[in-house]
Structure formats: C-alpha cells, structure tokens
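What follows is a set of notes on a single structure, which appears directly below.
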Amino acid sequence: MELRLWLVLSRLGGATIMDKPDITSVREIVARLERRGGDASMVSVGDMVSEFGRRSHGPSLFLPALIGVSPLSGIPMVPAFLAIIIALFSLQILLGRDHLWLPDVITRRRIAGERVQHAMDRVTPTAQRMDRWFGGRLAHLTGPIGIRVAALVCLMLSFTVPFFEMVPFAGIIPMMAIAVFGLAITVRDGALMLGGLVLTTGAVVFLGPMVLG
C-alpha cells in the first residue's frame with residue numbers, strides 16, 4: 001500500500017519530506033524556522049517543511065497551525081492555504097504514510113524570510129513555556145492509533161477553516177485545536193491530546209451555530 005501510494009504521488013510531482021533527526025520540542029521547531037528565515041530573503045513552503053524529516057507527523061501538523069495563529073495569518077488567503085496543507089498531511093498520516101508529500105504548486109509558494117523570522121521571534125517565549133509545561137503525560141494515547149485519530153480530527157477541522165473565517169477571528173479556533181494535536185504528538189503528551197478533543201468539541205458546539213446561522 002505504502003509503495004503504491006508513493007509511486008502515484010511521485011508521478012504527480014512534488015516534494016517528499018526526507019529523513020532528519022526527530023523533533024521533540026516546540027522551541028526546536030521555532031528555532032529551525034527562525035534560522036531558515038534569517039538565512040534567505042525568500043522562504044518557500046518546501047523549505048519550511050523540509051526542516052522536520054519524514055516521520056515528524058507532529059511538527060507537520062503543528063507548524064501550519066502555528067502559522068495560522070501567528071501574525072502571518074493576517075495575510076489574505078493564508079489561512080485557507082494552510083488548511084489545504086493540513087488536510088494533505090492529515091490524510092497521508094491517516095493512511096499510515098511515513099514519507100509525507102506536498103505537490104509542487106504548494107511547495108514552491110514563497111514568503112519573505114524576514115516575515116518568517118519576525119513571526120517565529122514573536123512566538124519564541126510561548127514555545128519555551130510550552131516545552132516546560134507539556135510532555136510525557138499519558139504517552140500511550142500518542143501511539144499509532146492515537147496519531148491516526150488526531151489526523152482524522154485535524155482533517156475534519158481543516159475543512160471548517162474557510163467557514164469559521166466568516167466570523168471575525170473565529171478561524172483561529174480550529175487552527176488552535178490542530179496546533180494542540182500537533183504539539184501533543186510532538187512531545188508525546190496524551191493529556192494534551194485529550195485537550196485537543198475538548199477544544200474541537202467546544203469549537204463545533206459554540207462556533208457552529210454562529211457560522212450556520
């Protein structure tokens with residue numbers, strides 16, 4: 001199954017995330033992106049996702065969601081673009097794929113390195129606090145089954161982002177929930193995984209009627 005899927009995706013063209021050392025902290029994610037932004041005038045989506053390695057399912061979900069709640073989310077169409085990336089990653093994780101892939105039309109999209117560096121600099125204090133607060137609780141909930149459940153929820157949440165954006169600032173809520181799931185997988189925190197489910201339920205219960213109404 002894995003081989004057949006890889007062959008199909010390779011024919012479509014795009015970038016596959018290759019091996020790199022596992023990331024186990026939020027600060028490391030932010031530091032890599034901040035360094036990448038400082039080293040280049042323009043940074044592509046492919047440049048950013050390549051920082052995390054092929055098996056970094058947590059960072060692959062956490063990164064676009066983190067951008068979705070950062071100042072970069074104020075750029076027009078960025079939230080919808082991030083939702084597409086999250087949907088693609090979530091679907092591949094759900095299918096059990098190790099080598100995560102994005103099409104060229106997405107990986108070639110670029111943003112000013114200075115903007116990336118500035119955004120990551122602003123979230124660094126929060127990242128440091130997250131590393132102190134989270135990790136190691138109910139780790140069995142972040143096993144293969146738990147990761148696929150989180151991927152399914154993130155896939156569904158990614159579909160809601162364009163609708164939640166109809167309500168001012170409401171689009172941040174699903175991104176926050178996805179970021180929580182990505183963080184939980186990254187630091188192996190099952191309690192945080194449960195928190196993501198609670199946040200997801202709250203978003204649907206309280207914001208759903210506002211959007212539909």
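Quick caveat: nothing in here was measured; it's all calculated off a predicted structure.
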Provide the closest heavy-atom pair for Phe181 versus Gly196 in the form atom of the first, atom of the second, distance. CZ-C, 3.4 Å
Using the side-chain hydrogen bond (donor to acceptor under 3.5 Å, both in side chains) criterion, which residues pair with Arg129? Sequence neighbours excluded. Thr126
Phe159 to Ala87 - nearest heavy-atom pair and separation: CE2-CB, 4.4 Å
Residues which pass side-chain contact (heavy atoms from CB on, under 4.5 Å) with Leu88, listed by chain and number, not counting sequence neighbours: Ile84, Gln92, Leu102, Pro103, Ile106
Evaluate the criterion side-chain contact (heavy atoms from CB on, under 4.5 Å) for residue pair Leu61 and Ile93; output intermediate values, then yes/no. CA-CA 10 Å; Leu61 294 174; Ile93 294 170; 4.1 Å; yes
Identify the heavy atoms of Leu192 and Val180 that sit nearest to each other, and give their distance. O-CG1, 3.3 Å
So which heavy atom on Ala151 is nearest to which on Ser90, and how close? O-CB, 3.4 Å
Could I get the full list of salt bridge (charged side-chain N to carboxylate O under 4.0 Å, His left out) partners for Arg110, not counting sequence neighbours? none
Using side-chain hydrogen bond (donor to acceptor under 3.5 Å, both in side chains) as the criterion, list what pairs up with Thr201, not counting sequence neighbours. none
Do the non-hydrogen side-chain atoms of Met175 and Ile86 ever get within less than 4.5 Å of each other? yes
Take Leu183 and Leu66 through the test side-chain contact (heavy atoms from CB on, under 4.5 Å) and record every step on the way to the result. CA-CA 10 Å; Leu183 176 60; Leu66 176 66; over 6 Å; no
Taking side-chain contact (heavy atoms from CB on, under 4.5 Å) as the test, write out the residues that go with Gln128, two or more places apart. Arg27, Thr124, Arg132
Scan Leu199, Leu157, Thr200 and name whichever one has a side-chain contact (heavy atoms from CB on, under 4.5 Å) with Pro174. Leu157
Within residues 135-158 or reaching into it, pairs that qualify as side chain to side chain donor-acceptor pair (under 3.5 Å) - sequence neighbours excluded: Arg137-Asp189
